[in-house]
Amino acid sequence: MTEAKEIESRYEPAAVEARWQKVWEDEATWQVPNPGQTGYDDSKPKAYVLEMLPYPSGEPHVGHLKCYSVGDAIAHFRRRHGFEVIHPMGYDAFGLPAENHAIKTGEKPQVSTERAIESFRDQFRRWGVSIDWSREIGTHEPSYYRWTQWIFLKLFEKGLAYREEAPVQWCPTDATVLANEQVVDGCCERCGTEVVQRKLEQWFFRITDYAQRLLDDFDLLESWPENVVTMQRNWIGRSEGAEVVFRCDELDLDFPVFTTRPDTLFGATFFVLAPEHPLVEKLVEGTEQESAVAEYLKQAAKTGAVERAAEDRPKTGVATGRTVTNPVNGEEIPVFVADYVLMEYGTGAIMAVPGHDLRDYEFAKAFDLAVKRVIEGTDPEVARDDEGLPYPGDGPMVHSGEFDGKGNREAYEEILGWLGKEGRGEPAINYRLRDWLVSRQRYWGAPIPIVHCDGCGLVPVPEDQLPVLLPEIEDYAPKGQSPLAAATDWVETECPECGKPARRETDTMDTFVDSSWYFLRYLDPHNTEAPWAREAADHWMSVDQYIGGVEHAILHLMYARFFCKALADMDLLGVQEPFSNLFTQGMITRDGAKMSKSKGNVVSPADFVDRYGADATRTYVCFMGPPIRGGDWTDEGVEGVYRFLARLWRLSGEVAERTESGGDTSAAEGPARDLLAKAHWAIDKATGDFERGFQFNTAISAVMELVNDAYRLKDDLYGSPEGDAALRFATATAASLIFPFAPHLGSEVYEQMTGERIWETPWPEADPALLVSDTVEIVVQVNGKLRDRVEAPSDATEEQLLELAKAAEKVAPHLEGKQTVKEIVVPGKLVNLVVE
RNA sequence: GCCGGAGUGGCGGAACUGGCAUACGCGACGCACUCAAAAUGCGUUGCCCGUAAGGGCUUGUGGGUUCGAAUCCCACCUCCGGCACCA
C-alpha cells in the first residue's frame, strides 16, 4: 500500500465531520416548515423532540453533551420512521451567574451572555446535532421577553398573578427572594446560603389554584418516569381532612384549623399557634403573658429554618393565658404559641391531640399538659408511656361522648357531619404546595410589566407598549432592592391610565417563568403579533419526547405544566399537558464524584471532540451505561469507542475496494448467511433497544458485535457475489444503526456502501426469516448444573431433545447408576435431568 | 422516620417472560506485522484446587419457593435520590 493511500484510509473525524456539517448547513437539512408554509409535507405524522434548553454559561459541559446526544439520537430515529420531526434549540439566557459576573468584573450581562451563546451554538454545530436553526431563540431577547411579559399580563388579568405581603424566603447572598421550590433544606438552592424569612410585598402566581389538576392530569401523560411523578405528588402534598373552627369567646375570635384526624377531636387538650400567626399579638395584648410571648416571638424569628426543622429538637413554646373552645365538647383548652407549628402549612394553627400524635405528645410532656385517650389501641413503635400513648392507629372510640364504641373511621364521617350541621367545620383538602413567588430583586431578567400609580394602584403596561425594555445600568451590586430602582429615568414614567407621574415595577421575573413557555415560542418564533399562532401550537403540541436532567423534576417541569393549563384555560392552547413523554438522563460523574471546578475533575467535551471527533464522544456518552442512569466518565472509554468507529471506517474502505456492488443475498449460505443473520439480529436488537426506553448502550454493543463478525468472516466472503453482497449489507447496516449516535461517520460509510444519503432512507427492518436459524444450541443440565451443550434442530420434539441430551458426551457419566426422577424440557432452550 | 432506585469480574456494564451468569467496551497478558515502537489484526482473561482431564465456588448478607433464582418471596446490610415537626 502506498503512503498516500494509507493516509487516506485513516479515520480522521475532523475532516469527515466538517464535510457533513457543511452539507446539513448548506441545505438546512433539519429545518421543518409549519403547516401552510412551502415545503410542508402533510403526509407525515409530526414528532416534537425537545431537550431542555441550556443556560448559556462558559461552554457546554458533559451534561449538555449527554442530553443533546440522547435527544438527537431520538430525533434521527423518528425521522427515519417517517415522522416530520421538529427539533429546535434556544438559550435560557437570563439569570444570576451572568449578573454576578457583571458585579465582579463590570462586564455587561448582555455581552457575557452573547459570548456564551456563541460558544454553545458553535459546539452544538460542531457536535453535529440535527437542529432546526431557523427556530433558535434566546429568552433574554426583547422579541422573546416581550411575550413573557405579555403572558404575565394575561395571568394578571385572570387574577393568576397577584401582589401580596407575605413571609417570604430571602437569600442574603443573592440578595433576592426565592420561590419555595428554590429553598433546599433551608438554604438557597443556588448558592447554599441559609435563607432568612422576611415579610415583603411580592408577586406570586396562583399555582395553588391548579394543585388538584396538576395531580389529576398525571393520567394524561403517556410516559413519565415514576420517580418524577412521585416527587411532584409529594411536593404538591394533598391531604384530606377537615377544617374545624375553635372559638375564643373572650375576644370574639375564630381560629380555624386543618386536621386530617377529626375523629380525634375529643382528645384535643390544648391548642397551638405558629409564632408567625397574625392573631398572636391581638390574643395577648394587655395580658400578663404579653411580654413572655413577645420574647418567644423574638427568639423564634431568630431561629433559622435549618435549626427549626432539626431532628430531635426539643419542643419549645409559651402559654398565651387564653383559651379556645373545643366545638365538640365545649371544653376550654389553653392556647400556646410554639414553633413546631408552621405558618406555611394549613392555617398556621393546630388542635393538639397528645394522645394520638407524637409531636403533640412531646409538647404535652414538656409543658405538663393533659394527655387524653380517645381511641383504644397501642402501637409499640410509637408509644411512649405505660398507657400505650400516643397511639396513631385505628380502633374503637372512647371518651368521645355519643361516638363511644364506634370505629374511628366511622366516627370520622359522623363527626364531620355533626360539625357541618353545627356550622363549626367542614371537609377540607389541604395542599403543601404554595403559590409561586416570581418576583426577584435582580437585574438580569424580564421586567415585570406593571406601573405603580398612587391613584390607580397596580396598572398593567398596555400590550402595545411591550416589551418593557430592560434599561442599561452601570451598577449591578445588590442593595436589597432591584438594581433597576437606580435607573431613575426608566423608573419614572406616566400612569397608563390617568397619565399622572408613576413608577415602574423594578423587580424582574424568576427565570423559571422564561422557561415555562419557550417550547411554544419555537413553534412560531418570528411571530410579531402573538407569542405563537394557535394553529402552529395545535399542530406541533404536545412535546412527544422531552429530555433533560432529573434535577428539574419539580421546578421547571411543574411550572411548565401549570403554564400550559393556565394558557389552555385562556384558550391560547389546546393541550393540558406540555410534555407527553419525559426521559430523564442520569448524571455523568468522574472518579465517582460530581464534576466541579473545585475538585478539578471537570471534563470539557470540546477537548474530546477535538481529539476523537464528535461522533466518538457522542457515541461514548450513550455507550457508557443506560442513559437513564448516571455513569462514570473515563478517557479510555472514549478512546475505545473511537477505535470501534475507526474499525467500521476501515471495514467500509476495504469492503468498498474489494467487493462488487449489486450482488444478491437471497441465495446466501454458510458464512454469508451467518453474517446476514447477524446483521438482521443487530437491526432487531437495536430497534428494540430504542423502543424499550432508549437503552442505547446495548444498541451500540449490538453494532459492535456485527462489526466484529464482519471482521471474523470477511476473508471467507470476498470474491463470491453473495459474499460481497453480505459484506456490503452488513457494513451498510452497521452504518445505518450507528447513525443516530455517530451521524457523520454513519453518513459517510452508508454513502460509500450504497451511494445514498442515510437520513433520507428509512430505518432498516429485520427480516424475520433471518432471525431464526435451523439449529439451536440446547443446554443440558443434570440436577440444575450445566454439563453439556448439544446442537438440535430448531423444530425438534421434546422426545428428540431428551434423547440427544441423554446421549451427550459429558452427560452420561453423571447419569450412570442413578435413577432419573424427573425430566424437564424447554424447547429451544434446555433439558434438565433430575437424578437420585 | 417515610417514599423511590440501585448493589453482578480488576473497572463501566449485559442477561427482554424464572432457563447457558459475566454480552459489549475498558484494563491486563500473549502472538503476528516491525530493525524497533506506535497503530493494526488475531487470541487469552470471574475466583479457587489441579501438570492435565476435570472438579468446586460465584450476582451485597442470611433464609425460603422451585427441577432450576442475578431475576420471585421474607428478613437484614450498604449506597444514591426525594420528602420530612405537613397537623
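Nothing here was measured: the structure is a model prediction, and the numbers come from that model.
Residue-level contact check: A/Lys315 touches the bases, meaning some heavy atom is under 4.0 Å from a base atom. Nucleic acid contact for A/Glu226: none, since no nucleic acid atom lies under 4.0 Å from a heavy atom of the residue. Across all strands, A/Arg238 comes closer than 4.0 Å to no nucleic acid atom at all (heavy-atom distances). Residue-level contact check: A/Val341 touches the bases, meaning some heavy atom is under 4.0 Å from a base atom. Within 4.0 Å of A/Gly640, counting heavy atoms only, lie sugar-phosphate atoms of the nucleic acid but no base atom. Contacts of A/Val834 with the nucleic acid, taken as non-hydrogen atoms under 4.0 Å apart, involve only primed sugar atoms and P, OP1 or OP2.
Salt bridge status for A/Asp689 with A/Arg692: present, with a side-chain N to carboxylate O gap under 4.0 Å. Under the 4.0 Å criterion applied to side-chain N and carboxylate O atoms, A/Asp674 and A/Lys678 are not assigned as salt-bridge partners. Ion pairing between A/Asp632 and A/Arg590 fails under the 4.0 Å rule for side-chain N and carboxylate O.
Side-chain polar atoms of A/Asn601 and A/Asp591 form no donor-acceptor pair below 3.5 angstrom.
Here the nucleotide nearest the side chain of A/Ile824, chosen from B/A87, B/C57, B/G19, is B/G19. Of all nucleotides listed (B/G82, B/A87, B/C24), B/G82 comes nearest to the side chain of A/Ile554. With B/C26, B/C67, B/C3 as the choices, the nucleotide that has an atom nearest any side-chain atom of A/Glu636 turns out to be B/C26. For A/Tyr340, taking side-chain heavy atoms from C-beta onward, the closest of the listed nucleotides B/C85, B/G19, B/C24 is B/C85. Comparing atom distances between the A/Lys822 side chain and each of B/G19, B/A87, B/C67 picks out B/C67 as nearest. Here the side chain of A/Arg432 is nearest to one of B/A84, B/G25, B/C85, namely B/A84. Each of B/C85, B/G4, B/G55 was ranked by its minimum atom distance to the side chain of A/Asn227; first place goes to B/G4.
Of the nucleotides present, none pairs with B/U22 by Watson-Crick or G-U wobble criteria with both distances under 3.5 Å. Pairing partner, B/C83: B/G1, with both Watson-Crick or wobble hydrogen-bond distances short of 3.5 Å. The nucleotide B/G62 finds its pairing partner in B/C74, both defining distances of the Watson-Crick or G-U wobble pair being shorter than 3.5 Å. A 3.5 Å limit on both hydrogen-bonding distances identifies no Watson-Crick or G-U partner for B/A53. The nucleotide B/G30 finds its pairing partner in B/C42, both defining distances of the Watson-Crick or G-U wobble pair being shorter than 3.5 Å. Across all strands shown, B/C35 forms no Watson-Crick or G-U wobble pair with both distances under 3.5 Å.
B/G27 atom P lies 11 Å from atom CG of A/Asp635, rounded to whole Å. Taking atom CG on A/Asp263 and atom P on B/A87, their separation rounds to 13 Å, with Å as the unit. Atom OH in A/Tyr345 sits about 16 Å away from atom P in B/C83, given to the nearest Å. Straight-line distance from the CG atom of A/Leu265 to the P atom of B/A87: 16 Å, rounded to whole Å.
At least one donor-acceptor pair under 3.5 Å links the side chain of A/Asp435 to the backbone N or O of A/Ile207.
Cation-pi geometry between A/Arg561 and A/Phe218 is satisfied (NZ or CZ under 6.0 Å from the ring centre, within 45° of the ring normal).
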Check nucleotides 69-72 of chain B against the protein and report each pair of N or O atoms closer than 3.5 Å, with its distance, or say if there are none.
none

Can you name the atoms? Protein N/O to nucleotides 36-43 of chain B N/O, anything below 3.5 Å, with the distance.
{"unit_1": "B/U40", "atom_1": "O3'", "unit_2": "A/Arg650", "atom_2": "NH2", "d": "3.0"}
{"unit_1": "B/G41", "atom_1": "OP1", "unit_2": "A/Arg647", "atom_2": "NH1", "d": "2.9"}
{"unit_1": "B/G41", "atom_1": "OP1", "unit_2": "A/Arg650", "atom_2": "NH2", "d": "3.1"}
{"unit_1": "B/C42", "atom_1": "OP2", "unit_2": "A/Arg647", "atom_2": "NH1", "d": "3.3"}

Please report, to 0.1 Å, the donor-acceptor pairs under 3.5 Å made by any side chain of residues 636-644 of chain A, with sequence neighbours excluded.
{"unit_1": "A/Glu639", "atom_1": "OE1", "unit_2": "A/Tyr612", "atom_2": "OH", "d": "3.1"}

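The two residues A/Arg629 and A/Lys66 have their closest heavy-atom pair at O-NZ, 3.0 Å.
Between A/Phe623 and A/Phe696, the distance separating the two ring centers is not shorter than 6.0 angstrom. A distance below 6.0 Å separates the ring centres of A/Phe271 and A/Phe246. Ring centroid separation for the pair A/Phe608 and A/Tyr620 does not come in under the 6.0 Å cut-off.
Legend: ring pair (Phe, Tyr, Trp, His ring centres under 6.0 Å) pairs involving residues 340-361 of chain A, not counting sequence neighbours, sorted by first then second residue: A/Tyr340-A/Phe363.
If A/Asp360 and A/Phe644 are placed on RNA chain B by their nearest nucleotide, the residue sitting closer to the 5' end is A/Phe644.
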With B for base contact, S for sugar-phosphate-only contact and - for none (protein heavy atoms under 4.0 Å), nucleotides 5-15 of chain B reads -------BSSS
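Considering only residues two or more places apart in sequence or on other chains, A/Thr775 meets the side-chain hydrogen bond (donor to acceptor under 3.5 Å, both in side chains) condition with A/Glu791.
The side-chain heavy atoms of A/Glu654 and A/Trp649, taken from C-beta on, include no pair separated by under 4.5 Å.
In this structure B/G25 sits in the anti conformation; its chi angle is more than 90° from 0.
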